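Data block below; observations after.
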Amino acid sequence: MKFQSPRGTEDVLPSDSYRWVHLETTFRRIASQFGYLEVRTPTFEDTNVFLRTAGDTSEVVTKQMYTFIDKGDRSITLKPEGTAGVVRALIQGNLIQQGKVLRASYITPIFRYERPQKGRLREAHQFGLECIGTQNVRADAEIIIATHAFYEAIGIKSTVVKVNSLGQEECQSRYRQVLLDFAMPLLSEGTPEALEAARKNPLRLLDSKDPAMIEALAKAPSILDYLEPESKGRFDELQRLLTGAGVPFEIDPKIVRGLDYYSETVFEVQSTLLGSQSALCGGGRYDGLAKELGGPVTPSVGVGMGVERALIVLEELGVELPRLAEPVYVGAMVDGGIDAAEEVARTLRRTGRSALLDFEPRKAPKLIARAEEAGAQWLVLIGEDELASGSAAVRNLQSREQVVVRREEVAQWFAHSSR
RNA sequence: GCGGGUGUAGCUCAGCGGUUAGAGUGCCUGACUGUGACUCAGGAUGUCGGGGGUUCAAGUCCCCUCAUCCGCCCCA
């Protein structure tokens, strides 16, 4: 019986894993440069963790969760997003204290039961940053600046961050009504489902792709006109901070986000290279979330970045990512030389090099070909002559230059003579 | 969850009712008994995604199913 990976999941094979490693390494570097410490939380949580936070109107929660009852009769859900689990863990660990700012980062799989497409999987991976415990708008800016720094670092240059403000609860509810009124003539002609969806979350009307809806809402006011003075002030300040930090952004009142817990600042980085999907990452402020999880009121802001989506964009852009350190390929041309080759490999490893031993004796052209396949820059080979004289031939596969070195000095030779 | 496309050798694809299923490329072996892209000579590989049906005959037609891609939806 032959099996394949479940629908909407992907294997990362050896030929590709270096790309993942590079992204993870870069993310960890950026996170650490901003002082965000990594947290790891379970892959699954009590279903209520997500029901309480992501909102019972969001599509993610109502239709896309991987939920099941375990043998202890508990309702369990594979996490559909990263933030709720992290906040739950910080509350549980008593790390949230008034007046203290916590900076946390994470790398996690996320699960959503959706129809797979380019850039949309059932198991995907996210890098996330959360700045927890402050209302200061500088935290909002910091998250966006770090996000931008990450994309620059991996080679997705000139991203534009789309920012918006959803204001406070009162502002949002007033604006929802306004939107609904604008859309109602059109909605009443449409399907009952669409009407119901619009009632539940009118803000989502804003990113509709239906031309008629876009036209109907063209005359609708922007949510930005409904912001309280305080929210307006925050948003202006955020823009000043981003400008100061040299982060390109544009204001987009259509950014509303799919999870219900956001207020005030929301943002996305989008790309047209993702097919039918658009968001490379998304984030915003979630001041009410911790309280929903039984913790203290804890104003916070964060971002979740899609790993697979970043990889797609890098691929489309033709960005070459650095490979892991190339090994030195070590082989012998005669059976009796393999012991000697193994010994050379061992000494190379002791000095921090990676060495790849060929288990079989092969003729020189074959060894060279195998070494190239393995991604090696160097070949150390031992033939009959070398075996007899206690030496080894060291060949640079790029320049095709070759020198003969005494076997016990190969490691030192690499330490001093190779670049 | 809705609509559409695709699924033949490791990879890219041809074959569109009729003998033992093909090409290019890659791979393996050898020409060259110690040095890389060429040349030459051999060689291996396919449950034609899976199941069922129609037919004298199916990779080719029909149905179901799985996977994948595109649009809608959703968003990482």
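Labels below follow one simple rule: chain letters A, B, ... track the order of the sequence lines, proteins then strands, and each chain is numbered from 1. Keep in mind that this is a model prediction, so the values were computed, not measured.
Using a 4.0 Å heavy-atom criterion, one finds that A/Leu274 contacts no nucleic acid atom at all. Within 4.0 Å (heavy atoms only), A/Gly8 reaches sugar-phosphate atoms of the nucleic acid but no base atom. Residue-level contact check: A/Ala369 touches neither bases nor backbone, having no heavy atom under 4.0 Å from any strand. Within 4.0 Å (heavy atoms only), A/Gly275 reaches sugar-phosphate atoms of the nucleic acid but no base atom. Base contact: A/Gln117 has a heavy atom under 4.0 Å from a base atom.
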For nucleotides 37-43 of chain B, list the nitrogen or oxygen atoms of the protein found under 3.5 Å from its nitrogen or oxygen atoms, one pair per line.
{"residue": "B/A37", "atom": "N7", "partner": "A/Arg400", "partner atom": "NH2", "Å": "3.3"}

Output a table of nitrogen or oxygen pairs between the protein and nucleotides 4-8 of chain B separated by less than 3.5 Å.
none

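A/Tyr226 does not carry A/Arg174 over the face of its six-membered ring by the limits of under 6.0 Å from the centre and within 45° of the normal. Cation-pi geometry between A/Arg122 and A/Tyr66 is not satisfied (NZ or CZ under 6.0 Å from the ring centre, within 45° of the ring normal).
Summarising the geometry, the separation between CD1 on A/Ile255 and P on B/A76 is reported as 10 Å, rounded to the nearest angstrom. Distance CD (A/Glu123) to C1' (B/C75): 17 Å, rounded to an integer number of Å. If you take OH of A/Tyr106 and P of B/A76, they are 10 Å apart, rounded to a whole angstrom. Regarding A/Gln64, its CD atom lies at a distance of 9 Å from the C1' atom of B/C73, rounded to whole Å. If you measure from atom CD of A/Glu114 to atom P of B/C73, you get 13 Å, rounded to the nearest angstrom. Atom C1' of nucleotide B/C75 and atom OH of A/Tyr113 are separated by 18 Å, given to the nearest angstrom. Note: CZ (A/Arg122) to C1' (B/A67) measures 11 Å, nearest angstrom. Atom CZ of A/Arg7 is separated from atom P of B/G49 by 18 Å (rounded to the nearest Å).
Identified under the salt bridge (Lys or Arg N to Asp or Glu O under 4.0 Å) test for residues 334-345 of chain A, with sequence neighbours left out: A/Glu342-A/Arg346.
For A/Glu38, the side chain to side chain donor-acceptor pair (under 3.5 Å) criterion is met by A/Arg28, not counting sequence neighbours. Residues satisfying the side-chain contact (heavy atoms from CB on, under 4.5 Å) criterion with A/Thr83, sequence neighbours excluded, are A/Glu81, A/Val87, A/Tyr106, A/Glu130, A/Tyr261, A/Tyr286, A/Leu289. The side-chain contact (heavy atoms from CB on, under 4.5 Å) test applied to A/Ala345 returns A/Val330, A/Arg349, A/Ala355, not counting sequence neighbours. Residues satisfying the salt bridge (Lys or Arg N to Asp or Glu O under 4.0 Å) test with A/Glu268, not counting sequence neighbours, are A/Arg257. A/Ala369 is linked by a side-chain contact (heavy atoms from CB on, under 4.5 Å) to nothing, counting only residues two or more places apart in sequence or in another chain. Residues passing the salt bridge (Lys or Arg N to Asp or Glu O under 4.0 Å) test with A/Glu315 are A/Arg19, sequence neighbours excluded. Annotation: side-chain contact (heavy atoms from CB on, under 4.5 Å) contacts of A/Thr159 (sequence neighbours excluded): A/His148, A/Tyr151, A/Ile156, A/Val269.
Across B/G52 and B/C13, the matching P atoms stand 29 Å from one another, rounded to whole Å. A distance of about 13 Å separates the P atoms of B/A21 and B/U47, rounded to the whole Å. Nucleotides B/U45 and B/G26 have their C1' atoms positioned 12 Å apart, rounded to a whole Å. Taking atom C1' on both B/C11 and B/U19, the two are 30 Å apart, rounded to the nearest angstrom. Nucleotides B/G51 and B/C16 place their C1' atoms 22 Å apart, quoted to the nearest Å. Taking atom P in both B/G71 and B/U65, one finds a spacing of 24 Å when rounded to whole Å. The P atoms of B/A67 and B/C62 are separated by 22 Å, rounded to the nearest whole Å. Separating the P atom of B/G18 from that of B/A57 is a span of 15 Å, rounded to the nearest Å.
In this structure, B/A58 makes no Watson-Crick or G-U wobble pair, since no nucleotide meets both defining distances under 3.5 angstrom. Checking B/U45 for Watson-Crick or G-U wobble geometry (two distances, each under 3.5 Å) identifies no partner in any strand. With a cut-off of 3.5 Å on both pairing distances, B/C75 has no Watson-Crick or G-U wobble partner at all. Partner assigned to B/A67 is B/U6, using Watson-Crick or G-U wobble distances below 3.5 angstrom.
A donor-acceptor contact under 3.5 Å links the side chain of A/Arg120 to the base of B/C74.
In terms of phosphate contacts, A/Gln277 brings no side-chain nitrogen or oxygen within less than 4.0 Å of OP1 or OP2 of B/C74. Regarding contacts with the backbone of B/C74, every side-chain N or O of A/Ser276 stays at 4.0 angstrom or more from both OP1 and OP2.
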Nucleic acid footprint by protein, nucleotides 26-35 of chain B - heavy-atom cut-off 4.0 Å, B for base, S for sugar-phosphate alone
--SS----BB

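Taking the six-membered ring for Trp and thresholds of 30 and 60 degrees, A/Phe414 and A/Trp378 have ring planes more than 60 degrees apart, a perpendicular arrangement.
Looking at A/Arg234 and A/Asp140, a side-chain N of the basic residue comes within less than 4.0 Å of a carboxylate O on the acidic one, giving a salt bridge. With respect to the salt-bridge test (charged N to carboxylate O, under 4.0 angstrom), the residues A/Lys79 and A/Glu45 do not qualify. Residues A/Asp46 and A/Arg74 are not paired through a salt bridge, judged by the lack of any N-O separation under 4.0 Å between the basic side chain and the carboxylate.
Between A/Tyr329 and A/Pro327, the closest side-chain pair of non-hydrogen atoms is not below 4.5 Å.
Near RNA chain B, meaning a heavy atom under 4.0 Å away, the residues from residues 298-322 of chain A are A/Gly304, A/Gly306, A/Arg309.
Looking only at atom types and distance, the side chain of A/Gln64 has no donor-acceptor partner in the side chain of A/Arg112 under 3.5 Å away.
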